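Reviewing the structure listed below.
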Amino acid sequence: MASAFLRREARRLGSLTASGTLKALTGSPWPQSAIHQTQELPAFGSRTISTQIVRNRMKSVKSIQKITKAMKMVASSKLRAIQIKTENSRGLWQPFTALIRDVPGISVKKNVFLIVTSDKGLCGGINSTSVKISKTFAKLESGPEKEPKYIVLGEKGKSILQRDSSKDISLSVGEMQKNPINFTQVSMLVDDILKNVEFDAVRIIFNRFQSIVSFVPTVSTILSAEVAEKESEAGGTLGDLDSYEIEGSETKAEVLQNLSEFHIVCALFNACLESSCSEQGARMSAMDSSSRNAGEMLDRLTLSYNRTRQASITTELSEIISGAAALTG
Amino acid sequence: MLGRRALCSLLRPSVSSVRVGGSGAVAGRRGFADNTPATATDAAHQDFITAWKKVAPNMEPPKTPLTFMKPRPVVPGSIPTKLTINFVLPYQVELSSKEVDMVIVPATTGQMGILPGHVATIAELKPGLLSVHEGSDVNKYFVSSGFAFIHANSYTDIIAVEAVPLDKIDREQVQKGLAEYTQKLSSASTDLERAEAQIGIEFHSTLNASLSG
């Protein structure tokens, strides 16, 4: 990509320099054909304009490099802050998984996929990975009387999903990251979801933060109270749930209902934190590679700038000297 | 479930220490192998992976929380001597895999004591006093609502939305809050205000009782 840009630059340079300097430039790495594909040559003596163009280009690339470096610093500082919170919240969903194992392959009628994505872009491919996984899940669970529904957290996921499954999106939430994520906010969100969406099983799809360079797509399956009760009575994977006594004044169904709601809130809280951690980490690495690319581009532009400058100086000198030689001898 | 703001107003102005160190044990390195004792889950998981591969052969199947969890021990034959508890909050892991003698949790039916060998139970918690007894020292916390799971292998998980060690709570603030909510109840006009005032009174009186008890 950089070489195509340079070829274009060479074409523009070629159109402005005199034909004599073209011979000097052919020693450069650009192919001769690129230079000869020029438009008509301008008047003699218009040499300073070419260096001007390259200089402008260099200025813009340098500012891009500064911006991406700054974005990387911002992302790394945000990551540090949120990483502590994420690690602390990791203990939250473990008791639930110990009690009600996680069965991703469970097949129920009403599937709801809760995708956690980011609001802002420039963070690599994590959002598209999550959406791809949820679409594959929907295909996996598709069949007669099974309609998948999507709940999207984050603007990026919404825009990706809207392209082909906009009718399946039942709820979309934006601006989650405006204030730091806290438990109350997530519980209110889940309250909202439970009121509006009916489901048998909700699958939370997010990117788990393993390290600054590795984000693992993870899916957390949570069953609604009725399905959990049915499965536990049927035995199998959730069989031990039946063996647990319920301590409380309410019936088993009510306790299971509260349990499932609490489970969703805890899992979603952890998922949101992990997802924003992954977003900052992905943005860090994306900005890092883009500032490195900008640096390389800057190097190549500097080389071409120097060559153009030296070529024009050589031309001037040669003209002066040949003129002087013509006069004297 | 009561939120954070209610408890925050009662904390003494002193800075509470951030307990991050303890979280390393549970939240840090986790084994990747899924060697939980239930073979039924493994089979179900394998079915899921094969089904996934059929639909999307080029995509890696997503991981599930089971891969990221330390496996729990199997149910032992005899009653173990100590109870292992995990006490987690959304913002930190208070206690992880701590061996204690007894735990008293504020279940909805009243204070419930948990000893090693307790039958497997799911208990819903109401705001109240939680005390952890280890030998001769007792740690007391005031918890807002949550859940307590007692597994058959004498592992207890306590999940609460908020928990504060008792010595961090300011007694005068509690009294002030109680008076304030009693006054609000008498001046309440709508059902909503009455309900809020009642919740406030119940909460503050429980706090008061646990501070003195």
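By convention in this document, chain letters (A, B, ...) are assigned in the order of the sequence lines, proteins followed by strands, and residues within each chain are numbered from 1. Bear in mind that the values here come from a model prediction, so they are computed numbers and not experimental data.
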Rounded to the nearest 0.5 Å, what separation is found between the [atom1] atom of [X] and the [atom2] atom of [Y]?
X        : Y        : atom1 : atom2 : value
B:Asp157 : A:Leu99  : CG    : CG    : 8.0 Å
A:Thr129 : B:Glu60  : OG1   : CD    : 12.0 Å
B:Lys63  : A:Asn207 : NZ    : CG    : 12.0 Å
A:Ile84  : B:Tyr91  : CD1   : OH    : 15.0 Å

Residue selection (most heavy-atom pairs with chain B, distance under 4.5 Å) from A:Ala267, A:Cys266, A:Ser220: A:Ser220
Among the options A:Thr86, A:Val186, A:Leu273, A:Leu92, pick out the one with the most heavy-atom pairs lying under 4.5 Å from chain B. A:Leu92
Any idea which heavy atoms bring [X] and [Y] closest together, and the distance?
X        : Y        : answer
B:Gly146 : A:Phe262 : CA-CE2, 4.4 Å
A:Val219 : B:Pro65  : O-CD, 3.3 Å
B:Glu124 : A:Val255 : OE1-CG2, 3.8 Å
B:Val88  : A:Gly91  : CG1-O, 3.4 Å

Interchain contact, B:Ile150 with chain A, by part (heavy-atom threshold 4.5 Å): backbone
Applying a strict 4.5 Å limit to non-hydrogen atoms, the region of B:Leu89 in contact with chain A is backbone
A quick test of your reading: do over 12 heavy atoms of other residues, nucleotides or ligands sit less than 6.0 Å from [atom1] of [X]?
X        : atom1 : answer
A:Lys158 : NZ    : no
B:Ile201 : CD1   : yes
B:Glu202 : CD    : no

Residue pair B:Pro62 / A:Phe137, side-chain heavy-atom distance below 4.5 Å: yes
Carefully, step by step, assess A:Ile133 and B:Trp52 under the rule side-chain contact (heavy atoms from CB on, under 4.5 Å). CA-CA 10 Å; A:Ile133 292 216; B:Trp52 180 276; 3.7 Å; yes
Verify whether one side chain among B:Asn86 and A:Gln94 offers a donor that lies under 3.5 Å from an acceptor in the other. no
Bottom line for A:Asn182: the part with an atom under 4.5 Å from chain B's heavy atoms is both
